[in-house]
Amino acid sequence: FNSYFCNTEKKALPISTLVEKYETSGAMPKNGAPVAGVHFSAEEWKVFSKKKQEDILMKRRLAFCAYGEVNWCEALGTVLANDEVVNGVSERGGFPVEKKKMRQWYLRITAYADRLLEGLERVEYSESMKEMQRNWIGKSEGAEMAFSIESSALKVHVYTTRPDTIFGVDFIVLAPEHELVEKITTALQKDEIDKYLTYVKSRSDRERMAEVKQITGCFTGAYAINPFDGKQIPIWIAEYVLAGYGTGAIMAVPCGDQRDYLFAKHFNIPITNIIGSHYNGEEANPTKDAILENSGFLNGLLMKDAIAVANQKIEAEGIGKRKINYRMRDAGFSRQRYWGEPFPIIWSDGIAIPLDAEELPLELPHVDKYGPGPEGEGPLANIKEWVTAPNGMRETSTMPGYAGSSWYFLRYMDPHNTETFCDRKASDYWNQVDLYIGGTEHAVGHLLYSRLWTKVLYDLDLIGYDEPYKKLLNQGMIQGSSRFVYRLMILNVGSDEPKTIFVSQVTYEKWRAGELDSLHVLDQVKALDEAIFSAINVEQAEIMITPIHVDVNMVDGFELDIEAFKKWRNGEYEKAEFLMEEGKYICGSEVEKMSKSKYNTVNPDILVERYGADTFRMYEMFLGPVEASKPWDTKGIEGVHRFLRKLWRLFNDEIKGKIWNGNKATDAELKILHRTIKKIEQDTENFSFNTAVSAFMVCINELSELKCHKKEILEQVLVLLVPYAPHITEELWSQLGNAGTILDAPYPQLDEKYLVETSKEYPLSINGKVRTNIILALDLQQADVEKAVLQNEIVQKWLEGKPPKKIIYVKNKMINVVI
RNA sequence: GCCCAUGUGGCGGAAUUGGUAGACGCAGCAGACUCAAAAUCUGCCGUUCGCAAGGGCGUGAAGGUUCGAUUCCUUUCGUGGGCACCA
């Protein structure tokens, strides 16, 4: 809050630096005349009211307040996450949700866009992870230009990456939330626009995203003027244009952009072709390789080259300017919730005042109820004594999860420090996190926030590095099998409350596939319960079916335990009614990531109790590659458990007790050992833990077969195995009578001489078919191999005296003879 | 719809990164030990034709490059993760 992003130095500086600057030189343009409301001189700054000064500073702070849209649920009296909105209604209760502007805190991550991009060059993340972050930041180069509006002094600013297509603009689309909408809409179109705005307000972000095929929009009645040829361009609004990106307005070029094309076709807007035969009238062609036509001063130019020409002209004529845009937006940093760090901010006459250092930390107060506060504020707003401060009112929002997750690793370096989050000496000593293990689901959330946070701390000289994680390993997600119930809501039934009943998976699937229409669904309800049905006016009824996650522990296979369901969530579904099948309610299922919010978690304690932590640990590694997602399934854990028991039996016998001995190892045994050392070394280095576990299994199987109980071999195997099965190895180590702990034991040294093979049998293939095996010494050169092959009796017989076209010898693999 | 990942036996997965597909484990089948069970051990285990020896077909689907493709390229379908329809 007390920092701002300096655009000259490209880093965070204390806000006091900015205040000083304003006091000495104000905020004046580098060249050209100052614009009222944007620029001011030092003298003007000094006479601004305190409130006005703070408002100006707020626009530069790294943590700042602004108005943003949230999902508002009137019935629940609270703000909902996208996740909590399904089919446009709240997941809990099925109440309507709409967009609402509310004051929110943000972190100015957009200021760091370039540095977040650049920093990716210096960290070891997987390419796909870097790609995801780059796409999220979404840097694009283009031009912003102004179109005059017919019979109005107003202008509409659009951002485009394709200024070369300026003569192909057939309409302009504003985001429905755009401030110009109400100013330019003509009287004739007003009703229709209002209707459309109401519709958009009811749509969740998810819906606006998922239903792209459904084309919606509305004409404002106003026209813009193409600055180059004076052509009249109708101005529309449509939900596919987002208020938050660019200028919230686009110029549509239907012959070059498929979405614009579909929009034009749908609303019968004539299409101008500027790319000649590259446009076939059937679909848009986003090429940059066409020669421009119907394009005024750009005629005859290749589109690629025309971009620069257009840009130059746009700037020369003062129509607009080149601009770099990012698709990333500032990160919302407040939540209307209880659980989160409270903001150390007091509001006084509309000014945000941070608490003094002595007053920190500000702790979350105890509440009796977690219900939302008035006007959609968080639960803290309900505690009058807490909210009221001597000099104003406390901020009642709390911080989101990433306020903690972004920098917790620093606290681990100095956890008992009461003065600061982490002493600079400690963070310098430990430096960056060497290896960070996390799932890909954090690609554009946590990992980006954490990188931002670290950069800010670095700028403020609080830590000595600006990337938190040196190397990132993406472990796959363990997936769980989720269960769903399907909430059927019958709307327009005459009463305010929609009628709710739960239908089973079969009904839902049929309805979704269009095999069952509303009337048939209602018929089913009727067949089941006349009483429910009689209250419904079938003619008017509309239905909506929403899948809802239920706790897997309440479901036996796919059959819902109805009594448990009714008691669930403090009796939220106490009065639930069901449309059953043969007395059973059958749930739907889906494999998705295991997560509390999806109620599909399993408890590992039972397995640990039965098999021990070593087995559980090794089994998780054995499941598959760390990076791969895999569904959780315990069948197979027996195998790992058997392996550990087998290991135990190399040391102990049920009857004889201790059976390990001090005999000298044979070459065969040493071969097994050193092969294992090599494999484990490689696999551990490559994080290939599943194959490492396999290698241990092979090793123990082979040693068992040889009845090898020799300490010389066994203790080295134990040391290799420590990170995989720490408990059992420690125990067996002490049984061997060794002093100290196994962790102090030297790591086994690989002796290559036990890996050397003297000769090898190679498969010999003639024209791709494997014919025989021949034995060759290792380390032969291509010429030696050819000679040996040609002298081979069997090969000579196949060749029948004709020389082969080619002999391919792949080292240590096979020999291929092409006839 | 967009971005990222992924697809191999009944199942989890392996394949030295272009060189004998199915290591290791689970499940299954047969056998040994046992009064019996558990535990343990041995053998079989992609599919198909065949008594067998030995063939044919097989890495989501369709093409392509190559002497040779699970691996590289194009198209396409399915699944998982993320999302802010990004002009």
Side-chain angles (χ1 to χ4, degrees), chain A residues 82 126-136 138 140 142 158-162 165 173 175 205-213 238-247 249-253 256-260 286 325-329 332 439-445 474 476-477 479 590-593 619 622-625 627-631 633-640 642-643 645-646 649 654 679 682 688 690-698 701 704-705 761-770 773 804-819:
Chain A
N82 281 334
S126 69
E127 251 330 293
S128 61
M129 174 65 61
K130 290 184 181 180
E131 194 61 21
M132 273 190 264
Q133 293 209 349
R134 283 191 203 106
N135 291 338
W136 182 259
S140 73
V158 304
Y159 173 75
T160 180
T161 51
R162 296 296 300 275
T165 61
V173 190
D205 289 356
R206 283 284 154 86
E207 287 172 310
R208 280 174 75 165
M209 235 185 307
E211 297 165 19
V212 260
K213 280 181 183 152
E239 59 177 338
Y240 80 91
V241 173
L242 298 183
Y245 182 74
T247 59
I250 60 157
M251 54 179 232
V253 183
D257 183 295
Q258 185 63 10
R259 203 168 33 198
D260 296 346
N325 240 331
Y326 300 94
R327 96 185 182 70
M328 182 169 64
R329 300 208 297 258
T440 46
E441 79 262 36
H442 294 126
V444 294
N474 292 125
M477 266 162 291
Q479 296 162 320
E590 221 166 282
V591 172
E592 32 181 21
K593 73 169 171 178
Y619 178 58
F622 187 57
L623 266 180
E627 325 87 53
S629 298
K630 48 227 153 210
D633 191 354
T634 50
K635 86 178 180 200
I637 197 168
E638 275 295 336
V640 175
R642 263 174 222 155
F643 158 76
R645 282 202 305 249
K646 206 166 188 174
R649 286 200 307 272
E654 247 175 87
K679 180 87 174 117
Q682 281 175 355
S688 180
N690 55 329
T691 52
V693 174
S694 294
F696 279 122
M697 287 175 170
V698 172
N701 280 343
S704 297
E705 216 164 291
E761 202 170 290
Y762 290 89
L764 176 80
S765 122
I766 310 275
N767 273 0
K769 300 225 166 176
V770 177
N773 292 331
K805 273 192 200 146
K806 221 192 258 184
I807 296 178
I808 300 147
Y809 164 59
V810 182
K811 209 160 188 229
N812 295 349
K813 288 288 179 185
M814 76 183 303
I815 298 158
N816 215 306
V817 180
V818 184
I819 303 179

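Chain identifiers are assigned alphabetically (A, B, ...) following the order of the sequence lines, protein sequences preceding nucleic acid strands; residue numbering begins at 1 within each chain. The figures that follow rest on heavy atoms only: side chains count, while hydrogens, waters and symmetry mates do not. Here the structure is a predicted model, which means the values were calculated and not measured.
To the nearest angstrom, P of B:C83 lies 13 Å from CD of A:Glu592. Here the P atom of nucleotide B:C4 and the CE atom of A:Met477 are 16 Å apart, to the nearest Å.
One C1' atom belongs to B:C57, the other to B:U6, and the distance between them is 26 Å to the nearest Å. Annotation: B:G9 and B:U47 have their P atoms spaced 12 Å apart (nearest Å). A gap of 33 Å separates the C1' atoms of B:U65 and B:G81, to the nearest Å. One C1' atom belongs to B:G22, the other to B:G7, and the distance between them is 16 Å to the nearest Å. As rounded to the nearest Å, B:U79 and B:G60 have C1' atoms that lie 11 Å from one another. Annotation: B:U59 and B:G54 have their P atoms spaced 24 Å apart (nearest Å). Taking atom C1' on both nucleotides, B:G12 is separated from B:C83 by 31 Å, rounded to a whole Å. Remark: the separation of the C1' atoms in B:A27 and B:C33 is 23 Å, to the nearest Å.
Side-chain contact check for A:Ser765 and A:Asn816: at least one donor-acceptor pair (N or O, by modelled atom type) lies under 3.5 Å. Looking only at atom types and distance, the side chain of A:Thr691 has a donor-acceptor partner in the side chain of A:Ser688 under 3.5 Å away.
The listed nucleotides are B:C85, B:G80, B:G12; the one nearest the side chain of A:Ser629 is B:G80. Closest to the A:Pro763 side chain, of the nucleotides B:U20, B:C4, B:C41, is B:U20. Here the side chain of A:Arg329 is nearest to one of B:A84, B:C67, B:A87, namely B:A84. Closest to the A:Glu705 side chain, of the nucleotides B:G13, B:G25, B:U42, is B:U42. Of all nucleotides listed (B:A23, B:G13, B:U40), B:G13 comes nearest to the side chain of A:Lys630.
Using a 4.0 Å heavy-atom distance criterion, A:Asp633 is classed as making no nucleic acid contact. Base contact: A:Asn816 has a heavy atom under 4.0 Å from a base atom. Among the protein residues, A:Ile808 comes within range of the nucleic acid bases, having at least one heavy atom under 4.0 Å from a base atom. Residue A:Glu131 is in sugar-phosphate contact alone, with no base atom involved, counting any heavy-atom pair closer than 4.0 Å across all strands shown. Counting non-hydrogen atoms under 4.0 angstrom, A:Pro631 reaches nothing in the nucleic acid. No contact: A:Val173 has no heavy atom under 4.0 Å from any strand.
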